[in-house]
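Here is the naming used below: chain letters follow the sequence lines, and residue numbers restart at 1 for every chain. Owing to the predicted nature of the structure, the values given are computational and were not obtained by experimental measurement.
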Protein chains: 2
Amino acid sequence: MRTNRVTIQTVAEKAKVSIKTVSRVINKEKAVRASTRDRVKAVIDELGYKPSPAARALAGHTSKIIGLIYDNPSAAYVLDVQTGVLKSCYSEGYNLLIHPCDHSSDKLAEELISLVQKSRLDGLILTSPICENEELLTKLIESKIKLVNIGALSKNAAVSSVSGNDADVVKQITLDLVEKGHSEIGFVFGHIDHDSAHLRFSGYKQALVEKNIPINQEYIVQGDFSFESGVECGKHLMNLEKMPTAIFASNDYMAAGVLKAARDRHLNIPTDLSIVGYDDAPVSRQIWPSLTTVRQPIQQMSEYAAGLLFKKIIDSTVNTEHQVFNSELIFRESVKQLD
Amino acid sequence: MRTNRVTIQTVAEKAKVSIKTVSRVINKEKAVRASTRDRVKAVIDELGYKPSPAARALAGHTSKIIGLIYDNPSAAYVLDVQTGVLKSCYSEGYNLLIHPCDHSSDKLAEELISLVQKSRLDGLILTSPICENEELLTKLIESKIKLVNIGALSKNAAVSSVSGNDADVVKQITLDLVEKGHSEIGFVFGHIDHDSAHLRFSGYKQALVEKNIPINQEYIVQGDFSFESGVECGKHLMNLEKMPTAIFASNDYMAAGVLKAARDRHLNIPTDLSIVGYDDAPVSRQIWPSLTTVRQPIQQMSEYAAGLLFKKIIDSTVNTEHQVFNSELIFRESVKQLD
DNA sequence: CTGAAAGCGCTTACAG
DNA sequence: CTGAAAGCGCTTACAG
């Protein structure tokens with residue numbers, strides 16, 4: 001295997017400096033004379049030198065690898081998160097290890113700790129509904145693992161996070177329904193392990209309270225973010241003596257399920273029933289009528305989250321930060337103004 | 001940073017052997033007495049020893065990391081591929097680096113070569129439509145990069161692959177349409193950079209030839225695998241003087257688009273028009289009527305592909321292999337028997 | 001079946 | 001601003 005690999009040694013010799021100086025240039029350290037730096041850089045380019053990650057990791061006690069942990073039903077969501085995180089990784093010189101898992105496993109803490117130790121990860125990005133598990137967070141923090149949450153705030157002082165303004169935006173969308181004449185509004189609850197499910201419900205409630213509309217428990221149905229649960233919840237709401245005139249489903253899959261249930265009952269959407277979803281999933285545009293929904297800037301959020309993690313890796317005393325990203329309402333065909 | 005990390009040294013001392021013997025046990029080498037191996041293993045467990053990947057990579061000249069390269073419009077597909085590949089990685093002790101890219105970039109070869117060199121990847125898994133690019137494959141192979149394709153065979157003797165029986169299964173599904181009384185069958189072509197688009201068309205043709213049905217060029221429309229292209233292609237076919245009675249769309253997104261176009265024209269599906277898709281994407285179950293489609297064992301294929309790559313990494317003289325996986329026809333509501 | 005020595009390619013900790 | 005030495009934790013190449 002003794003190909004003439006170009007190492008830091010080769011560069012040093014050709015640039016007539018010590019390997020330490022080459023190391024300084026690679027690591028963008030300040031204390032290098034500009035002319036020296038330029039010379040070393042030129043040699044690096046000329047030789048096509050790429051520092052060995054293994055050697056750097058071994059000597060520097062940092063792998064420059066982080067892990068992304070997820071267990072989310074939406075493929076589009078997961079891919080957006082990956083894309084955002086990767087973007088940040090590329091620009092900061094980190095590599096990413098993805099790790100899908102079962103958020104309800106009672107061995108998840110051990111699984112993740114073992115993952116971090118085995119692959120010497122510098123930190124972990126946790127997504128919903130994993131980052132909602134405070135007990136898990138505590139165990140990970142006890143194991144000195146650097147953490148950032150995407151999608152849920154933590155009470156743990158060591159955990160930074162990014163999240164959306166779910167409550168606000170659902171409040172807005174509910175107010176909009178009310179202003180369009182709807183007062184019987186069904187609510188399909190998301191999977192209870194997700195913070196966002198509760199936040200979205202709180203927005204719905206806030207809007208009704210503000211408009212002095214009594215909250216009808218019959219109109220609140222428990223789903224789990226799946227299409228199938230949307231169908232069931234939709235059926236249930238349509239079987240009520242007094243069916244709602246509008247239904248907010250806590251994500252687009254469930255909204256699509258409600259739409260399916262409506263179709264099966266030969267209801268016309270939005271004439272007979274208005275439907276609102278959440279997430280701007282591809283399906284929200286691929287069904288007919290297309291869904292009024294909410295778009296979160298998932299990629300940006302994820303990119304930012306990775307940045308927070310890198311900061312914490314470099315300086316573990318950095319302040320914990322909770323960044324909220326605003327979502328955008330997208331009005332499409334599935335909502336009707338009542339007369 | 002001098003925590004009392006347990007290293008191979010710690011294990012060796014406690015087990016009263018040399019570090020070389022511990023190394024042998026870790027690497028499952030044959031030449032170790034059973035009793036010695038058991039003793040070392042016990043110490044490893046007791047101490048919770050995990051070998052340093054960096055040290056192994058540096059000394060052993062192999063990173064045990066592979067890359068997964070993709071540029072596919074379907075999130076569900078990408079995630080299935082990741083899941084399958086990861087499964088194999090876990091069992092063989094490899095780590096995975098994901099790398100989304102632009103398959104049409106003319107700098108893709110340099111980008112991938114640079115990626116492999118920078119992260120010292122042991123090999124690459126290429127998915128459609130990247131692995132269709134023979135020029136790219138040649139460049140990668142010239143750079144001594146180990147390769148396996150998912151989704152397309154290569155003429156390059158060094159590239160193993162896994163793929164589906166697309167032509168066969170589309171032939172079957174087309175024959176089924178004919179047997180149900182359809183002879184005017186529209187065909188929505190997929191993105192031409194994908195081998196599968198061409199294979200699916202070839203299956204369609206074979207079926208018509210076998211049934212002595214003339215191929216009507218007007219019925220063949222070019223899409224690009226997107227929902228929007230499906231809508232356009234659907235409109236086009238519906239505007240023909242003699243509209244087809246059935247349409248095969250080369251994936252489910254396009255089939256959903258055709259369905260949307262049919263809705264916009266107030267056509268009833270499947271009464272007025274039968275529609276068939278491909279991929280068993282979630283949307284095929286989330287629209288109404290649900291789509292007759294084809295399911296490929298993506299996860300299994302991907303897991304197998306990773307296995308092929310590992311074999312080639314360990315022994316570069318191993319034979320190139322092309323493994324075909326059979327797909328499954330899924331009959332749902334979007335197809336009608338003509339009287 | 002087992003081990004001692006050298007070395008993989010960097011960074012750390014000093015020193016100047 | 002620059003460098004010489006030691007060491008990170010393994011595997012390789014030998015030797016026995």
- request: Mind calculating the distance between CZ (A/Arg5) and P (C/dG7) to the nearest angstrom?
  value: 19 Å
message: When you measure from the side-chain N and O atoms of A/Thr36 to the phosphate of D/dT2, is any distance below 4.0 Å, counting only OP1 and OP2?
response: yes
message: What's the closest nucleotide to the side chain of A/Ala55 if the choices are C/dC10, D/dG3, D/dC8?
response: C/dC10
field: Residues A/Tyr70 and A/Gln82: side-chain donor-acceptor under 3.5 angstrom
entry: yes
task: For residues B/Ile65 and B/Ser119, determine if any side-chain heavy atom of one lies less than 4.5 Å from a side-chain heavy atom of the other.
output: no
message: Tell me the interatomic distance from B/His61, atom NE2, to D/dC10, atom C1', rounded to whole angstroms.
response: 11 Å
All ring-ring contact (aromatic ring centres under 6.0 Å, His included) counterparts of B/Tyr49, not counting sequence neighbours: none
message: Under the rule for ring-ring contact (aromatic ring centres under 6.0 Å, His included), what residues qualify as partners of A/Tyr94, not counting sequence neighbours?
response: A/Phe310
- line: On DNA chain D, more 5' by nearest nucleotide between B/Ala57 and A/Ala34 is A/Ala34
message: Expressed as a whole number of angstroms, how long is the span from A/Ile44:CD1 to C/dG9:C1'?
response: 14 Å
query: In whole Å, what is the span from the NZ atom of B/Lys30 to the C1' atom of C/dC1?
result: 13 Å
- prompt: Does OP1 or OP2 of C/dC1 have a side-chain N or O of B/Arg33 closer than 4.0 Å?
  reply: no
task: May I have the distance from A/Gln9 (atom CD) to C/dC10 (atom C1'), rounded to whole angstrom?
output: 11 Å
query: Are A/Thr21 and D/dT2 close enough that a side-chain N or O sits under 4.0 Å from OP1 or OP2?
result: no
- request: Check whether the side chains of A/Glu132 and A/Ser128 place a donor and an acceptor atom closer than 3.5 Å, and report yes or no.
  value: yes
- prompt: Would you call B/Ile66 and B/Lys146 a side-chain contact if the rule is heavy atoms closer than 4.5 Å?
  reply: no
Of the listed nucleotides C/dT2, D/dT11, C/dC10, the one nearest the side chain of A/Pro51: C/dC10
- line: Picking from C/dT2, C/dG9, D/dC10, the nucleotide nearest the side-chain atoms of B/Ile8 would be D/dC10
message: Just verifying a value: how many Å separate B/Leu126 CG and B/Asp71 CG, rounded to the nearest 0.5 Å?
response: 11.5 Å
- prompt: Is there a donor and acceptor pair, one atom on the side chain of A/Arg120 and one on the base of D/dG9, closer than 3.5 Å?
  reply: no
- line: Base-paired stretches in DNA chain D with three or more consecutive Watson-Crick or G-U pairs, both distances under 3.5 Å, amount to C:1-3 with D:14-16, C:5-12 with D:5-12, C:14-16 with D:1-3
query: Counting side-chain heavy atoms from C-beta on, which of D/dC10, C/dT11, C/dC8 comes nearest to B/Ile19?
result: D/dC10
query: For the atom pair CG (A/Leu79) and CD1 (B/Ile98), what is the distance rounded to the nearest 0.5 Å?
result: 7.5 Å
task: Please determine, for the side chain of A/Leu58, which listed nucleotide (D/dT2, C/dG9, C/dC1) has the closest atom?
output: C/dG9
- prompt: What's the closest nucleotide to the A/Ala31 side chain, out of D/dT2, C/dG9, C/dA4?
  reply: D/dT2
- prompt: Side chain of B/Ser52: nearest nucleotide among D/dG9, D/dG3, C/dC1?
  reply: D/dG9
- line: Taken to the nearest whole Å, CG/B/Asn27 to P/D/dG9 is 17 Å
- line: Against the side chain of A/Ser23, the closest entry in C/dT11, D/dT2, C/dC1 is C/dT11
- request: Would you mind telling me which of C/dT2, D/dA4, D/dG9 lies closest to the side-chain atoms of B/Thr7?
  value: D/dG9
field: Closest to side chain of B/Ala59, choosing from D/dT11, D/dC14, C/dC10
entry: D/dT11
Nearest-nucleotide 5' precedence on DNA chain C, B/Lys16 against A/Thr62: B/Lys16
- request: For B/Lys20 and D/dT12, give me the distance from atom NZ to atom P, rounded to whole Å.
  value: 7 Å
task: Specify the separation, in whole Å, of atom CD of B/Glu13 and atom P of D/dC10.
output: 13 Å
- prompt: Is the closest side-chain heavy-atom distance between B/Cys101 and B/Ile69 below 4.5 Å?
  reply: yes
